[in-house]
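Counting starts at 1 for both ligands and their atoms, following the listed order. Residue indices begin at 1 and follow the sequence shown.
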Amino acid sequence: MLKIVVMVSGGGTNLQAIIDGVKDGKITNTEIAGVISNNRNAYALKRAEENKIPGLCISPKDYESREIFNEKLLEAVDGFAPDLIVLAGFLVVIPPEMTAKYKNRMINIHPSLIPSFCGKGFYGLKVHEAALERGVKVVGATVHFVDEGTDTGPIILQKAVEVQQGDTPEVLQRRVMEQAEWIILPRAIDLIANGKVRVEDHRTWIEE
Ligand code: GAR
């Protein structure tokens, strides 16, 4: 059984896709041990509560320094003894101690086809604003392992989505979630839970 901790900052629709995936059997061999948010008001914490999953808030606002926050965050994660950390819209810079400790055991969902529209400053709606601004015709989402860089780790799954004439950032964000994120994030967890993902030379090999 793969024990996962899901880290969130906002609405938690990707968390919901994971919860539903575990319930309906799209994700097998997996237990959601806990949900951690940096934001007390994140609707994602409500989703955890409604599904009887332990939820925790570790907010930088509650600590004197970033170092102390980083320590507390790692302590909270370690407290669940997870096999895998899933960043599902967690919009906080991951402490280097955590990336080192959970190397190849932490994944992230990013709302673009990496290496486009990723890295520092590209998160949430900003990604879709930038894509529309550039006028690209195809966007998408990526699930990747987290390394010390921003969105630079080995790519596990990607899925493309078409831009439509007249899209707003909000409309495009929703389509990318529906047609890509909510599909590839549960799929990636299921693959990892069943030992089907191997990392070699900064690339992954998937055994389908
Ligand atoms: C998702 O679109 C996710 O890909 C993005 O934040 C949103 C969270 O939505 N993550 C990033 O931009 C990470 N760089 P959700 O809370 O409804 O899952």
Side-chain angles (χ1 to χ4, degrees), residues 4-22 26-27 32 34-51 53 55-59 73 84-95 98-99 102 106-134 136 138-161 163 167-189:
I4 68 170
V5 162
V6 185
M7 301 182 73
V8 293
S9 296
T13 63
N14 278 286
L15 167 66
Q16 191 66 53
I18 299 169
I19 294 170
D20 294 346
V22 169
K26 284 202 177 87
I27 304 176
I32 309 172
V35 171
I36 298 174
S37 174
N38 61 306
N39 168 13
R40 202 169 302 284
N41 299 317
Y43 188 68
L45 283 175
K46 264 247 145 34
R47 296 182 195 266
E49 197 186 320
E50 278 164 10
N51 288 279
I53 300 165
L56 272 182
C57 171
I58 307 288
S59 166
L73 191 64
L84 182 75
I85 300 172
V86 179
L87 306 181
F90 187 63
L91 306 180
V92 166
V93 175
I94 300 298
M98 198 157 125
T99 35
Y102 287 91
M106 173 158 46
I107 63 173
N108 178 48
I109 177 84
H110 183 76
S112 79
L113 294 173
I114 290 175
S116 287
F117 307 113
C118 65
K120 281 202 175 67
F122 286 101
Y123 58 87
L125 212 52
K126 288 181 191 292
V127 174
H128 307 288
E129 284 165 359
L132 289 177
E133 176 72 25
R134 182 61 184 84
V136 295
V138 176
V139 291
T142 303
V143 182
H144 63 92
F145 283 109
V146 177
D147 66 6
E148 51 293 328
T150 307
D151 303 327
T152 53
I155 291 169
I156 305 166
L157 294 176
Q158 293 189 299
K159 193 165 188 298
V161 173
V163 177
D167 272 349
T168 63
E170 289 80 6
V171 166
L172 186 58
Q173 177 181 52
R174 182 73 189 184
R175 188 177 316 116
V176 169
M177 284 175 161
E178 283 175 1
Q179 295 185 7
E181 298 186 40
W182 303 339
I183 298 165
I184 62 173
L185 185 56
R187 178 94 189 107
I189 295 169

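- Counting protein heavy atoms only, atom 9 (O) of ligand 1 is closest to M177 CE, 3.4 Å.
- In this structure, the side chains of N39 and L45 stay at 4.5 Å or more apart for every pair of heavy atoms.
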Kindly determine whether N38 and L91 satisfy side chain to side chain contact (heavy atoms under 4.5 Å, CB included), including the steps that lead there. CA-CA 9 Å; N38 61 306; L91 306 180; over 6 Å; no
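- At least one N or O atom of N14, backbone or side chain, sits closer than 3.5 Å to an N or O atom of ligand 1.
- To the nearest 0.5 Å, atoms OG1 (T142) and CD1 (I184) are separated by 6.0 Å.
- Side-chain contact between M7 and M98 is present, with heavy atoms from C-beta onward closer than 4.5 Å.
- At least one heavy atom of I109 sits less than 4.0 Å from an atom of ligand 1.
- Of all the heavy atoms of L91, the ones lying under 4.0 Å from any atom of ligand 1 belong exclusively to the side chain.
- Taking any N or O of Q173, backbone or side chain, none lies under 3.5 Å from an N or O belonging to ligand 1.
- Listed by number with element, the atoms of ligand 1 under 4.0 Å from a non-hydrogen atom of G11 are 16 (O).
- Among all non-hydrogen protein atoms, the one lying nearest atom 17 (O) of ligand 1 is T13 OG1, 2.6 Å.
- The N/O atoms of E181, backbone and side chain alike, include one that comes under 3.5 Å of an N/O atom in ligand 1.
- Pairs engaging residues 169-184 under the salt bridge (Lys or Arg N to Asp or Glu O under 4.0 Å) rule: D167-R175, R174-E178 [sequence neighbours left out].
- The nearest non-hydrogen atom to atom 14 (N) of ligand 1, considering only R47, H110, Q16, comes from H110.
- Residue L87 places every heavy atom at 4.0 Å or more from ligand 1.
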F90 and V8: side chain to side chain contact (heavy atoms under 4.5 Å, CB included), yes or no, with the steps? CA-CA 4 Å; F90 187 63; V8 293; 5.6 Å; no
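- The option from S37, G12, P111, G124 that lies nearest to atom 16 (O) of ligand 1, judged by heavy atoms, is G12.
- At the top of the distance list for atom 8 (C) of ligand 1, counting protein heavy atoms only, stands G89 CA, 3.7 Å.
- The two residues P95 and L73 come nearest to each other via the heavy atoms CD-CD2, 4.1 Å.
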Evaluate side chain to side chain contact (heavy atoms under 4.5 Å, CB included) for I85 paired with I36, printing each intermediate quantity in order. CA-CA 10 Å; I85 300 172; I36 298 174; over 6 Å; no
Which pairs would a plain distance check flag for residues 108-119, meaning a side-chain donor or acceptor within less than 3.5 Å of a matching protein atom at least two apart in sequence or in another chain?
residue: N108; atom: ND2; partner: H144; partner atom: NE2; Å: 3.0
residue: H110; atom: NE2; partner: S112; partner atom: OG; Å: 3.3
residue: H110; atom: NE2; partner: F117; partner atom: O; Å: 2.9
residue: S112; atom: OG; partner: S116; partner atom: O; Å: 2.6
residue: S112; atom: OG; partner: F117; partner atom: O; Å: 3.1

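- Shown in contact with Y123 at under 4.0 Å from a heavy atom are these atoms of ligand 1, numbered in order with element: 12 (O), 14 (N).
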